[in-house]
Participant: 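My questions will all concern the structure given below.
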Amino acid sequence: MTNKVKLNAVYVPSENVVAREIEGEIIIVPLTAGIGDAEDDLFSLNETGRAVWKFLDGKKTLAQIAKALGKEYNSPLAEIEKDVAGLMVELLKRRIVSEKKRS
Amino acid sequence: MTYTKKLKPHEFKIWHGKQPLLGQLDIELTERCNNNCIHCCINLPENDSKAKKKELSTEQWKKILDQAAELGALAVRFTGGEPLLREDFKELYLHARHLGLKVLLFTNARNITPALAALFVKIPPLEMIEVTVYGMRRKSYEAISRKPGSYAEFRRGVNLLLKNKIPFVVKGALLSPNKKEIDEFESWAATIPWMDKPPSYSMTFDLRGRRDSLKKNRLIKTLRATSGEIVHILNRHREAYCKEMNQFCQKFIGPPGKELFNCGAGHGGCVDAYGRFQPCLSLRAPDLTYDLKKGILQDALTRVFPKLKKITASNRTYLKRCARCFLKGLCEQCPAKSWTENGTLDTPVKYLCEIAHVQAMDLGLLIDGERGWEITDWRTRTTKMK
């Protein structure tokens with residue numbers, strides 16, 4: 001599940017999508033071709049997705065995000081890390097996020 | 001477990017009752033057109049400098065697009081006139097897409113260039129482009145468009161879309177010069193990969209939306225299909241048509257009462273080329289529009305347009321007939337049609353009434369001689385319809 005995703009890496013929203021917050025929902029709108037299976041696919045994020053998305057600021061690693069969420073939701077860190085990594089697998093597969101290269 | 005959910009087009013029910021204020025915004029970028037179609041309700045000449053000067057600037061359009069996105073709109077429709085005549089089309093398109101808006105483009109395809117096609121490949125509109133077709137041959141097409149060379153340019157534009165695999169659908173405007181080509185048109189349309197059903201047709205042609213030419217209105221009236229022709233065309237694909245109408249009638253048929261705005265007008269709207277926000281694409285009655293050069297979309301949607309719901313009919317014939325007629329869902333009578341035809345919001349449009357009645361007879365909702373406003377057992381008839 002967590003292959004390709006590194007907890008010590010920083011992930012950022014891709015330039016290939018536009019993320020919009022509408023009435024409390026995060027809507028991911030493809031900007032370039034090839035994001036969805038069909039060309040007109042839009043996506044919304046579930047609760048985990050919405051919580052994580054707010055932390056994708058280009059500075060925090062996934063481990064740091066998981067730790068922050070663990071405090072916020074008072075949940076076991078291992079469980080949160082699993083969820084965060086699972087989300088990233090999906091988002092990476094769809095090119096909605098990308099790994100930030102270390103400078 | 002999945003963390004992302006695909007949103008199907010037109011099924012954005014994720015908000016559970018707290019929908020955004022604006023779902024889609026229609027924008028008429030210009031009333032100018034590179035065609036001069038005999039039946040058109042809006043077009044002005046391509047080089048009409050007076051009209052061009054009055055049109056909103058690039059920056060004004062961008063501000064309106066910004067507002068639409070802020071209000072939660074997911075899509076914008078660029079129409080006209082011919083929207084691709086705007087020299088800043090590319091800039092406005094990119095602005096809309098970078099705001100996260102899907103773009104629906106209505107065009108005659110004549111100005112689709114290799115550069116524009118390349119842009120649509122790189123940054124897709126996310127909605128299928130809709131191309132209106134006026135004929136399958138130069139003679140028929142240009143008898144309607146009244147522009148020499150327009151047919152070749154339309155073909156070139158469509159071929160560019162096909163070659164670049166840019167999703168589009170076609171629709172027809174059915175007029176004397178192209179009526180005999182309908183089979184050819186439908187066969188060709190079926191070869192377009194994104195056409196999953198037969199093309200739709202314009203046949204009832206609106207009069208001039210600005211009520212600006214009695215002469216042109218007289219001409220448009222002579223070009224409209226008769227009720228018999230319309231039913232004949234609708235029955236070309238009888239099974240699909242009946243199925244669709246059955247579903248439609250179960251949901252939407254029934255007497256509307258005296259309130260005039262039972263439609264979606266005012267929930268979204270259309271901004272005309274000069275910045276007036278209309279409750280719908282067709283309703284240009286000046287008293288019911290809002291000047292976006294002086295105000296904002298939100299103000300119109302929350303303060304001005306909701307008042308439409310309170311407008312009731314006073315026309316006696318309307319109250320006696322249309323308000324009580326169960327065919328209201330089938331009939332295209334609405335304040336916009338009434339205004340363009342008669343200059344009032346509630347005058348029955350005889351032509352539309354006749355079409356609805358002939359259609360209802362064909363569907364088994366009425367028998368010869370019955371009128372929709374006289375029927376009391378309409379619910380039973382709707383459930384028993386063909």
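Just so we're on the same page: letters track the sequence lines, and every chain starts at 1.
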Participant: Give a yes or no answer on whether the side chain of Arg97(B) reaches the backbone of Val18(A) with a donor-acceptor pair at less than 3.5 Å.
Facilitator: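 No: the side chain of Arg97(B) does not pair with the backbone of Val18(A).
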
Participant: Has Lys71(A) got more than 12 heavy atoms of other residues, nucleotides or ligands less than 6.0 Å from its NZ?
Facilitator: no

Participant: Would you name the heavy atoms of Ala33(A) and Pro124(B) that are closest together and state the gap between them?
Facilitator: N-CD, 3.6 Å

Participant: Restricting to side chain to side chain contact (heavy atoms under 4.5 Å, CB included), what partner residues turn up for Arg50(A), sequence neighbours left out?
Facilitator: Glu25(A), Ile26(A), Leu45(A), Glu47(A)

Participant: More than 12 foreign heavy atoms under 6.0 Å from CD of Gln64(A): is that the case here?
Facilitator: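 Atom CD in Gln64(A) is crowded, with more than 12 foreign heavy atoms closer than 6.0 Å.
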
Participant: Would you mind checking which part of Leu71(B) comes under 4.5 Å of any heavy atom in chain A, side chain (CB onward), backbone (N, CA, C, O), both or neither?
Facilitator: neither

Participant: At a heavy-atom separation under 4.5 Å, does Ala96(B) approach chain A through its side chain, its backbone, both, or neither?
Facilitator: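 For Ala96(B), no heavy atom lies under 4.5 Å from chain A.
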
Participant: Assess the residue pair Ile22(A) and Leu74(B) against the criterion (side chain to side chain contact (heavy atoms under 4.5 Å, CB included)); give the C-alpha distance rounded to whole Å, side-chain angles, the decisive distance to 0.1 Å, and a yes or no.
Facilitator: CA-CA 9 Å; Ile22(A) 305 173; Leu74(B) 281 168; 3.9 Å; yes

Participant: More than 12 non-hydrogen atoms from neighbouring residues, nucleotides or ligands closer than 6.0 Å to CG on Asn74(A), yes or no?
Facilitator: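 Counting neighbours around CG of Asn74(A), 12 or fewer heavy atoms of other residues, nucleotides or ligands fall under 6.0 Å, so no.
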
Participant: Count the heavy atoms belonging to other residues, nucleotides or ligands that lie under 6.0 Å from CD of Glu72(A), then report whether that count exceeds 12.
Facilitator: yes

Participant: So does Lys171(B) have more than 12 non-hydrogen atoms from other groups sitting under 6.0 Å from NZ?
Facilitator: yes

Participant: Counting neighbours of NZ on Lys67(A) that are heavy atoms of other residues, nucleotides or ligands and sit closer than 6.0 Å, is the number greater than 12?
Facilitator: no

Participant: Hey, does Leu42(A) have a side-chain heavy atom less than 4.5 Å from the side chain of Leu126(B)?
Facilitator: yes

Participant: Please report the interatomic distance CG(Leu21(B)) to CD(Glu23(A)), rounded to the nearest 0.5 Å.
Facilitator: 8.5 Å

Participant: Got Leu31(A) and Lys122(B) here, is their nearest side-chain heavy-atom distance under 4.5 Å?
Facilitator: no

Participant: At a 4.5 Å cut-off on heavy atoms, which part of Ile28(A) comes close to chain B: side chain, backbone, both, or neither?
Facilitator: neither

